[in-house]
Protein chains: 2
Amino acid sequence: MAKILIIDDEPSIVKLVSAYLQPEGYEVYTAADGIAGLKAARAYKPDLVVLDIMLPGIDGLELLSRLRRESDVYVILLTARTEETDKIVGLSVGADDYVTKPFSPRELVARIKAALRRLKSGAGSNEILAFKHVRIDPAARTVTVNSIPVELTAIEFDLLKTLAEHHGRVLTREQLIEHVWGSNYYGEMRVVDVHLGHIRQKLGDESLIATVRGVGYRFEDEVL
Amino acid sequence: MAKILIIDDEPSIVKLVSAYLQPEGYEVYTAADGIAGLKAARAYKPDLVVLDIMLPGIDGLELLSRLRRESDVYVILLTARTEETDKIVGLSVGADDYVTKPFSPRELVARIKAALRRLKSGAGSNEILAFKHVRIDPAARTVTVNSIPVELTAIEFDLLKTLAEHHGRVLTREQLIEHVWGSNYYGEMRVVDVHLGHIRQKLGDESLIATVRGVGYRFEDEVL
DNA sequence: AGTTTATGTAAAGATTGGTTAAATATCAAG
DNA sequence: CTTGATATTTAACCAATCTTTACATAAACT
């Protein structure tokens, strides 16, 4: 999942924010001063940086402007009060959002999520997928076989949609898990088999999903 | 796509903002003073106006108040500092949002997008929504089921309306909150469940709202 | 045949959503 | 400014459902 870098010298804040982010599945990296922050940003290539404006060594704004020279990463600035000047200067230097201390962790997490969602958008299209008698509508999350609606669970739907989006190509269990579960899944690969069994059962003979022994599964879009 | 009018006498700012907006597919019009701005607004009927408060000729606020007499267009005010007075006066005269200079083009673009998104989907249409036995009148904010009026609270109404406007599509709790509560809500997502429970209770079996487990809710417009 | 890989099934475990009730916020009227 | 009515939000519980694991069986390949 997404990588987040927190640059702040107050351990309590770093701890608090990490505690909120990690359970959500984010990879959280931290740095306690500007130099370390810049290095960490280069090393880990985070998707988002939470940056305290008050830092020992390099000042937060200075760090931000340096960061901007080499990266387009989304930066949320943490400012010490509603010092309006901080806000203005911060935004002019290139911050994407800012949160004033004291802040609610919940709000910060919400902003982070919103930002990442916005960044990621454009991933899965919402086009209707139709093959033979199978029709998949991602917007409505409905599936019909011969115009008869079929009820699928969330995972079953995502699995079928992923296969259909890559119709004609074999997808390994790992690839399917990457798409449907995301990269922080550490369970068995065999889950895929079980859910696929359920999909086949529900779609009947028209499931169009072929097994490629030793490799994975393929959604058949044409007769072979 | 959407039409945006920028009214500002500083060519550098006009250029900068245009440069950010045009690649996004917006039709961008510009005007360098108040008179031209008002004319342009009448001629092009933009969906959104970015208006600098400091203008030669007619002052920005004066222009805004004139504009308001004839149009309901969304206006983002560009103010020269964080003069709180500017903000307050601006909003009281009818601006919908404001950005302080110097600003990050990125932020301005984000706000424009957000505003247009909100306009397009939510408050936009005032058409009566009728499905099966449910009839929703956004202008009067009334709902009837089988011609019998049903009393809904503000949030319940907006929630139902939002779902009906996107009938046939699944909306996540986040999307519903974005529409009904706006983008700066940082409370629990489950609040949606509670209000939905109330709506269902009041509308009875005809609520037409389906739960899509693990995803969100969908307003059913046809039998599947 | 023997090995490997996939399928079907069932039961344990985890999530999710409906519901309720209490806490909090909002608003109008006194 | 209080009060009371109403609306909204939070939190908790529980039932329903989904997900995962495990294992037995079946099929495919060597």
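Letters A, B, ... are given to chains in the order of the sequence lines, protein chains preceding strands, and every chain is numbered from 1.
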Side-chain donor or acceptor of [X] paired with backbone N/O of [Y] under 3.5 Å:
X      : Y      : result
B/N146 : B/I148 : no
B/R218 : B/L171 : no
A/Q22  : A/A19  : no

task: Mind running a 4.0 Å heavy-atom check of residues 175-182 of chain A against DNA chain C and sending the residues that fall below it, in number order?
output: none
message: Evaluate B/R169 against A/T142 for side-chain hydrogen bond (donor to acceptor under 3.5 Å, both in side chains), listing each step before the verdict.
response: CA-CA 9 Å; B/R169 315 189 121 220; A/T142 54; over 6 Å; no
Tell me every residue that passes salt bridge (charged side-chain N to carboxylate O under 4.0 Å, His left out) with [X], counting only those two or more places apart in sequence or in another chain.
X      : answer
B/K3   : none
A/D158 : A/R141
B/R66  : B/E62
B/D193 : B/R173, B/R190

field: Taking every non-hydrogen atom, the tightest pair across B/L21 and B/Y26
entry: O-CD1, 3.4 Å
- line: Tightest non-hydrogen contact, residues A/T30 and A/S18, listed as CG2-OG, 4.1 Å
Euclidean distance, atom [atom1] of residue [X] to atom [atom2] of [N] [Å, nearest integer]:
X      : N      : atom1 : atom2 : value
A/Y185 : D/dT19 : OH    : P     : 11 Å
B/F157 : D/dA7  : CZ    : C1'   : 17 Å
A/R173 : D/dT19 : CZ    : P     : 18 Å
B/E156 : D/dA7  : CD    : C1'   : 9 Å

message: Holding to ring pair (Phe, Tyr, Trp, His ring centres under 6.0 Å), I want the full list of residues that pass it with A/Y20, two or more places apart in sequence or in another chain.
response: none
query: Under the ring pair (Phe, Tyr, Trp, His ring centres under 6.0 Å) test, which residues partner A/H167, sequence neighbours left out?
result: A/F131
- line: the helix from C/dA1-D/dT30 to C/dG30-D/dC1: angle between terminal helix axes, five bp per end, to the nearest 10 degrees, reads 40°
message: I need a per-nucleotide contact map over nucleotides 24-30 of chain D, read 5' to 3'. Cutoff is protein heavy atoms under 4.0 Å; write B for the base, S for backbone only, - otherwise.
response: ----BS-
Pairs meeting criterion ring-ring contact (aromatic ring centres under 6.0 Å, His included) with involvement of residues 186-214 of chain A, two or more places apart: A/W181-A/H195
- prompt: Does any residue of residues 186-201 of chain B have a heavy atom under 4.0 Å from DNA chain D, and if so, which ones, in number order?
  reply: B/G187, B/E188, B/V191, B/V194, B/H195
- prompt: Between A/T153 and D/dT19, does any side-chain N or O lie under 4.0 Å from OP1 or OP2?
  reply: yes
field: A/E156/A/K202 ion pair, N-O < 4.0 Å
entry: yes
- request: Evaluate the side-chain proximity of A/T162 to A/V180: yes if any heavy-atom separation is below 4.5 Å, no if none is.
  value: yes
message: Under 4.0 Å from a heavy atom of chain B: give me the 5'-most and 3'-most nucleotides of DNA chain C that qualify.
response: C/dT15 to C/dT20
